[in-house]
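Start at 1 and go down the list; that is how both ligands and their atoms are numbered.
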Amino acid sequence: MLNNIEIDEILITEKQIKEKIAELGKKITQDYQGKNLVFVGVLRGAVIFMADLARAVSIPMIFDFIAISSYGAATESSGVVRILKDLDETIEGKDVLIIEDIIDTGLTLDYLVRILKSRKPTSLKVCAFLNKNSRRKAKVKVDYLGFDIPNKFVVGYGLDYAGKFRNIPYVFTLNPEIYQGELK
Ligand code: 5GP
């Protein structure tokens, strides 16, 4: 499926992802028994993670999606965040779990948490597939985490570079000889 010369290093394999999803799904199932669970997926990066995670959770839930601007085609957060597509339903009185693909500076999530909190959910927690601690600018609490990764620009499993690679079922870095100058 992929041209091998595009890959620099595979950081997380399909098998590792599968195992982690099963573990997270089990935890969420236990923690949200009898609650009004709503998965709020952050478009577009979290779609693959959310679809797999939701199927590892065995209690009733609702899906909703929000889209916020982040990097555009660049690989560095601008710190300027705005809602591109809002939720379809109210979250007041619901137990909201934000599903994010990756937390880097934390600016996007910090903004999102503030906005959703103001809508009075019963509870608001965060589940992120990946976390990079090294570039954190905003303090954010991650309640459920897939993997900590080093400060590298990664793609695959929902994460893109200029719209590409979201469909690749593992997480990898791009070959710097091909993408040199474009990645930070
Ligand atoms: P933050 O606001 O935490 O700096 O950025 C979060 C958003 O930036 C993520 O939802 C994701 O869209 C994007 N992002 C951050 N790091 C990476 C990365 O390594 N690869 C990709 N593809 N996107 C990233």
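Contact atoms of ligand 1 toward K152: 19 (O) (distance under 4.0 Å to a heavy atom of the residue). Interface of T105 with ligand 1, defined as ligand atoms under 4.0 Å from a residue heavy atom, comprises 1 (P), 2 (O), 3 (O), 4 (O). Every atom of ligand 1 with a heavy atom of T108 under 4.0 Å away is listed here by number and element: 1 (P), 2 (O), 5 (O), 6 (C). The ligand atoms of ligand 1 that sit less than 4.0 angstrom from a heavy atom of K132 are 16 (N), 17 (C), 18 (C), 19 (O). Under a 4.0 Å criterion applied to the non-hydrogen atoms of E100, ligand 1 contributes the atoms 10 (O).
We find the CD1-CG distance between I68 and L84 to be 8.0 Å, quoted to the nearest 0.5 Å. Put simply, OG on S123 and OH on Y32 are 5.0 Å apart, with the number rounded to the nearest 0.5 Å. Put simply, CG on N36 and CG on D95 are 6.0 Å apart, with the number rounded to the nearest 0.5 Å.
Not a single heavy atom of G45 sits closer than 4.0 Å to an atom of ligand 1. Residue Y161 places every heavy atom at 4.0 Å or more from ligand 1.
Contacts between D101 and ligand 1 below 4.0 angstrom, taking non-hydrogen atoms only, involve the side chain exclusively.
Of the listed residues (L174, I102, L112), the one carrying the non-hydrogen atom nearest atom 11 (C) of ligand 1 is I102.
Between D86 and R119, at least one side-chain N (NZ, or NE/NH1/NH2) sits under 4.0 Å from a carboxylate O, which counts as a salt bridge. With respect to the salt-bridge test (charged N to carboxylate O, under 4.0 angstrom), the residues K94 and E89 do not qualify.
Between L109 and ligand 1, no N or O atom pair is found at a separation short of 3.5 Å. By the 3.5 Å distance cut-off applied to N or O atoms, D160 is counted among the residues near ligand 1. Checked by distance only, ligand 1 and L159 stay at 3.5 Å or farther apart across all their nitrogen or oxygen atoms.
In this pair, F65 and F63 present their aromatic rings perpendicular. The plane angle is above 60°, beyond the 30 to 60° band.
Geometrically, K20 engages F147 in a cation-pi contact defined by less than 6.0 Å to the ring centre and at most 45° from the axis.
Aromatic pair Y157/Y170: centroids not less than 6.0 angstrom apart.
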